[in-house]
Amino acid sequence: MMTISSFSRDNEDVTLNTFIGAFGNNTASLLSGMAILPAVFALAASDAEAISFLQAGNQALTFTIIPMLFANVPGGDFLSAIFFLALFVAAFSSLLPMIELFLQNVADLKLSKRKTLIVVIACFIIFGFPSAWSLDFFSNQDWVWGVGLIVTGLFILIGVAMNNPVPLKKIILILVRI
Amino acid sequence: MKLPTGFFKYAIFINIAVGFFLIYWWLSQDFSSTWFDTEGNWDLFGVYSNASTITQWGLVILIGILLNGYLYRKFVKS
């Protein structure tokens, strides 16, 4: 969010955009949850199997239940292709701000563009490889840093609260408009 | 859309309490509430274990605190 907000235009309403982003994201998550849970129980042979699918995590739901679901609906092949294309675009569009955030931080070290690129690619390979190699490692990191986002948010909130929120809001709005 | 300043202040403070509650709630779920493995050791390598989560958070916070002064001098003060 911070990376994307740094590309805001002068006349954009930050509060409204943040509200729309959070509302859209949470609405999509709730709708997906309401769709996937009935699908799991409808497609599993028993309640125990359905629960085992749910306990297997997001990967099992995406790559086991969703293909099973599309195999049982008319035009499922087409819908399945659209779904996984949309999933790929969503994953890629989430990756870009992550790359940009890291790139900007490394660029602030005043390295040349070539060295910055080498550092970024090397870090992505070194830190990304274990997750690509082991699904357990990936699940662990997904869990630890997924919940860790709340900790990050808490640090920002405490920092803002300790420094008086009202003047900070004005500073943020002035900075955004520069 | 312009939200009143009072709302901003209220949202900041209420979200600190919400944040602490959410962390407690996530870590108290059945599948993540383990701290020690079957042999009684700190369960560092459990996929969803609280021990692994807290250790990794602590490590990164420690690195952040140690580098805080350097990063401030490098990026903010300069």
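These numbers come from the heavy atoms of this one structure, side chains and all, not from hydrogens, waters or symmetry mates.
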Q: Do A/Leu117 and A/Leu95 sit in the same hydrophobic cluster, where Ile, Leu, Val, Met, Phe, Trp and Tyr count as joined when their side-chain heavy atoms come under 4.5 Å apart?
A: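 No, A/Leu117 does not connect to A/Leu95 through the hydrophobic network.
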
Q: For the CG atom of A/Leu157 and the CG atom of B/Asn15, what is their distance to the nearest 0.5 Å?
A: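 Reported value, rounded in 0.5 Å steps: 5.5 Å.
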
Q: Any chain of hydrophobic side-chain contacts (each under 4.5 Å) joining A/Phe155 to B/Val18?
A: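 Looking at the clustering, B/Val18 is in the same group as A/Phe155.
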
Q: How about residues 69-84 of chain A versus chain B: which residues have heavy atoms under 4.5 Å apart?
A: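 At a heavy-atom separation under 4.5 Å, chain B is reached by no residue of residues 69-84 of chain A.
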
Q: Which atoms of A/Ile158 come close to chain B, meaning under 4.5 Å heavy atom to heavy atom: side chain ones, backbone ones, both, or neither?
A: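 Contact with chain B involves both backbone and side-chain atoms of A/Ile158.
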
Q: Minimum heavy-atom separation for A/Ala161 and B/Ile16, please, with both atom names.
A: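 Nearest heavy atoms, A/Ala161 then B/Ile16: CB-CD1, 3.8 Å.
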
Q: Could you state whether A/Ile126 and A/Ile118 fall into the same hydrophobic cluster, counting links through intermediate Ile, Leu, Val, Met, Phe, Trp or Tyr residues with side-chain heavy atoms under 4.5 angstrom apart?
A: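 In one cluster: no.
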
Q: Any chain of hydrophobic side-chain contacts (each under 4.5 Å) joining A/Phe102 to A/Ile99?
A: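 Per the 4.5 Å side-chain linkage, A/Phe102 and A/Ile99 are co-clustered.
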
Q: If you check every heavy atom in residues 54-67 of chain B against those of chain A, which residues fall under 4.5 Å?
A: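 Counting heavy atoms that sit under 4.5 Å from chain A, the residues of residues 54-67 of chain B involved are B/Gln56, B/Trp57, B/Val60, B/Ile61.
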
Q: Given that the side chain runs from C-beta out, which part of B/Phe20 has a heavy atom under 4.5 Å from chain A: side chain, backbone, both or neither?
A: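 Both backbone and side chain of B/Phe20 come within 4.5 Å of chain A.
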
Q: Please report the C-alpha distance between B/Leu22 and A/Val147 in whole Å, then the side-chain angles of each, then the deciding distance to 0.1 Å, and finally whether the side chain to side chain contact (heavy atoms under 4.5 Å, CB included) criterion is met.
A: CA-CA 9 Å; B/Leu22 281 176; A/Val147 185; over 6 Å; no

Q: What's the separation between atom CD1 in B/Ile12 and atom CD1 in A/Ile156, rounded to the nearest 0.5 Å?
A: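 Going from the CD1 atom of B/Ile12 to the CD1 atom of A/Ile156 covers 10.0 Å.
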
Q: Check whether B/Tyr48 gets within reach of chain A through its side chain, its backbone, both or neither, counting any heavy atom under 4.5 Å.
A: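 Both parts, backbone and side chain.
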
Q: Would A/Leu85 and A/Phe92 show up in the same hydrophobic cluster when neighbours are defined by side-chain heavy atoms closer than 4.5 Å?
A: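 Cluster IDs for A/Leu85 and A/Phe92 differ.
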
Q: Only pairs at least two apart or in different chains count here, so list each side-chain hydrogen bond (donor to acceptor under 3.5 Å, both in side chains) that has a residue in residues 92-102 of chain A.
A: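 Checked against side-chain hydrogen bond (donor to acceptor under 3.5 Å, both in side chains) - neighbours excluded - the pairs reaching residues 92-102 of chain A are A/Glu100-A/Gln104.
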
Q: Among residues 136-145 of chain A, which ones touch chain B with a heavy-atom distance under 4.5 Å?
A: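 So the qualifying residues are A/Asp136, A/Ser139, A/Asn140, A/Gln141, A/Trp143, A/Val144, A/Trp145.
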
